[in-house]
*Asks:* 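Once you've had a glance at the structure underneath, I'll fire off some questions.
The shown structure was predicted, so the numbers you read here are calculated from the model rather than taken from an experiment.
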Amino acid sequence: MSSAASTPLDAAEQVIRAMDAAFVRNANASNATALTEEFYAEDARLLPPNSPLVRGREAIRSFWERFLAAGCSDLKLETGEIGASGDLAYGVGNYEYTQAGTRHAGKYVVVYRRQPDGGFRAVADSFSSND
């Protein structure tokens with residue numbers, strides 16, 4: 001039996017792919033404020049490589065302001081795996097960006113939680129370089 005209605009995974013996948021697109025658009029525009037407001041929950045955690053844990057949307061915004069101001073450009077995200085169960089979802093993928101004329105590549109995992117408005121926001125974001 002088939003249904004025209006979306007499954008919870010289909011709905012989460014659509015939302016996460018749209019959030020990825022907004023993240024890329026905002027990062028490539030060096031707009032750390034829009035990036036954090038549209039992507040992260042207020043109580044989110046960012047786990048960047050070789051750095052302490054960054055706690056809360058304001059601190060995450062400051063992290064991305066510094067990162068983007070260092071000349072990050074041409075960011076690409078490719079989320080290859082998305083899963084969802086109840087109010088949680090996750091995405092696992094690869095990233096690339098250019099900084100100071102050097103192309104960087106790595107991988108990430110993001111955990112999302114459904115928000116009161118029914119959308120998702122990232123609550124845990126961890127990434128690391130392939131170098």
*Asks:* May I ask whether Val15 and Tyr108 are part of the same hydrophobic cluster, defined by side-chain heavy atoms of I, L, V, M, F, W, Y residues being less than 4.5 angstrom apart, directly or through others?
*Replies:*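 Cluster IDs for Val15 and Tyr108 match.
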*Asks:* side-chain contact (heavy atoms from CB on, under 4.5 Å), that's the test. Do Asp131 and His104 meet it? Break it down for me.
*Replies:* CA-CA 8 Å; Asp131 300 334; His104 299 273; 4.0 Å; yes
*Asks:* Nearest 0.5 Å, please: how far is NZ in Lys107 from OG in Ser126?
*Replies:*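 It is 9.5 Å, given to the nearest 0.5 Å.
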*Asks:* Check the pair Leu88 / Tyr112 against side-chain contact (heavy atoms from CB on, under 4.5 Å), numbers first and verdict last.
*Replies:* CA-CA 6 Å; Leu88 295 176; Tyr112 304 89; over 6 Å; no
*Asks:* Please name all residues satisfying side-chain hydrogen bond (donor to acceptor under 3.5 Å, both in side chains) with Asp87, sequence neighbours left out, ordered by chain then number.
*Replies:*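 Listed in chain order: Arg114.
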*Asks:* May I ask whether Ile82 and Phe127 are part of the same hydrophobic cluster, defined by side-chain heavy atoms of I, L, V, M, F, W, Y residues being less than 4.5 angstrom apart, directly or through others?
*Replies:*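 Yes, it is one cluster - the side chains of Ile82 and Phe127 are joined through contacts under 4.5 Å.
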*Asks:* Nearest 0.5 Å, please: how far is CG in Asn31 from CG in Asn26?
*Replies:*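 Answer rounded to 0.5 Å: 5.0 Å.
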*Asks:* Which pairs would a plain distance check flag for residues 17-25, meaning a side-chain donor or acceptor within less than 3.5 Å of a matching protein atom at least two apart in sequence or in another chain?
*Replies:*
| unit_1 | atom_1 | unit_2 | atom_2 | d |
| --- | --- | --- | --- | --- |
| Arg17 | NE | Glu13 | OE2 | 3.2 |
| Arg17 | NH1 | Thr79 | O | 2.8 |
| Arg17 | NH2 | Glu13 | OE2 | 3.2 |
| Arg17 | NH2 | Thr79 | O | 3.3 |
| Asp20 | OD2 | Thr79 | OG1 | 2.5 |

*Asks:* Indicate the atoms forming the closest heavy-atom contact of Ile16 with Ala89, along with that distance.
*Replies:*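 Shortest heavy-atom separation between Ile16 and Ala89 comes out as CD1-CB, 3.8 Å.
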*Asks:* I'd like to check the side-chain contact (heavy atoms from CB on, under 4.5 Å) partners of Asp117; sequence neighbours left out, ordered by chain and number.
*Replies:*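 For Asp117 the side-chain contact (heavy atoms from CB on, under 4.5 Å) partners, ignoring immediate neighbours, are Gln115.
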*Asks:* Tell me, please, which residues at least two apart from Arg103 pass side-chain hydrogen bond (donor to acceptor under 3.5 Å, both in side chains).
*Replies:*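 Arg103 satisfies side-chain hydrogen bond (donor to acceptor under 3.5 Å, both in side chains) with Asp74, Glu96, Thr98 once adjacent residues are dropped.
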*Asks:* Should Arg57 and Glu37 count as an ion pair when the cut-off is N to O under 4.0 Å?
*Replies:*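 Salt bridge between Arg57 and Glu37, a charged N being under 4.0 Å from a carboxylate O: yes.
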*Asks:* Would you say the ring centers of Phe39 and Phe120 fall short of 6.0 Å from each other?
*Replies:*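 For Phe39 and Phe120, the ring centres are not under 6.0 Å apart.
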*Asks:* May I ask you to decide if Ser128's main-chain N or O and Tyr95's side chain share a donor-acceptor pair within less than 3.5 Å?
*Replies:*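 Yes; at least one donor-acceptor contact below 3.5 Å.
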*Asks:* In a table with atom names and distances, give each donor-acceptor pair under 3.5 Å that connects a side chain of residues 44-51 to protein atoms at least two apart or in another chain.
*Replies:*
| unit_1 | atom_1 | unit_2 | atom_2 | d |
| --- | --- | --- | --- | --- |
| Arg45 | NH1 | Asp43 | O | 2.5 |
| Ser51 | OG | Pro49 | O | 3.2 |

*Asks:* Using only atom types and a distance under 3.5 Å, with no angle test, would you say the side chain of Lys76 pairs donor to acceptor with the backbone of Tyr97?
*Replies:*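 Side chain of Lys76 to backbone of Tyr97: no pair is present.
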*Asks:* May I ask you to test the Leu35-Tyr40 pair for a side-chain heavy-atom distance under 4.5 Å?
*Replies:*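 Heavy-atom side-chain distance check passes, below 4.5 Å.
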*Asks:* Using the rule that two of Ile, Leu, Val, Met, Phe, Trp, Tyr join whenever any of their side-chain heavy atoms come within less than 4.5 Å, decide whether Leu75 and Val110 are in one cluster.
*Replies:*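 In one cluster: yes.
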*Asks:* Can you say whether the rings of Phe67 and Trp64 are parallel (under 30°), tilted (30 to 60°) or perpendicular (over 60°)?
*Replies:*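 Ring orientation of Phe67 relative to Trp64: perpendicular.
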*Asks:* Could you pull out the closest heavy-atom pair between Ala41 and Val123, with the gap in Å?
*Replies:*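 Looking at all heavy atoms of both residues, the shortest contact is CB-CG1, 3.8 Å.
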*Asks:* Once salt bridge (Lys or Arg N to Asp or Glu O under 4.0 Å) is applied, do any residues pair with Arg61, and if so which ones, sequence neighbours excluded?
*Replies:*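 Glu58, Glu65.
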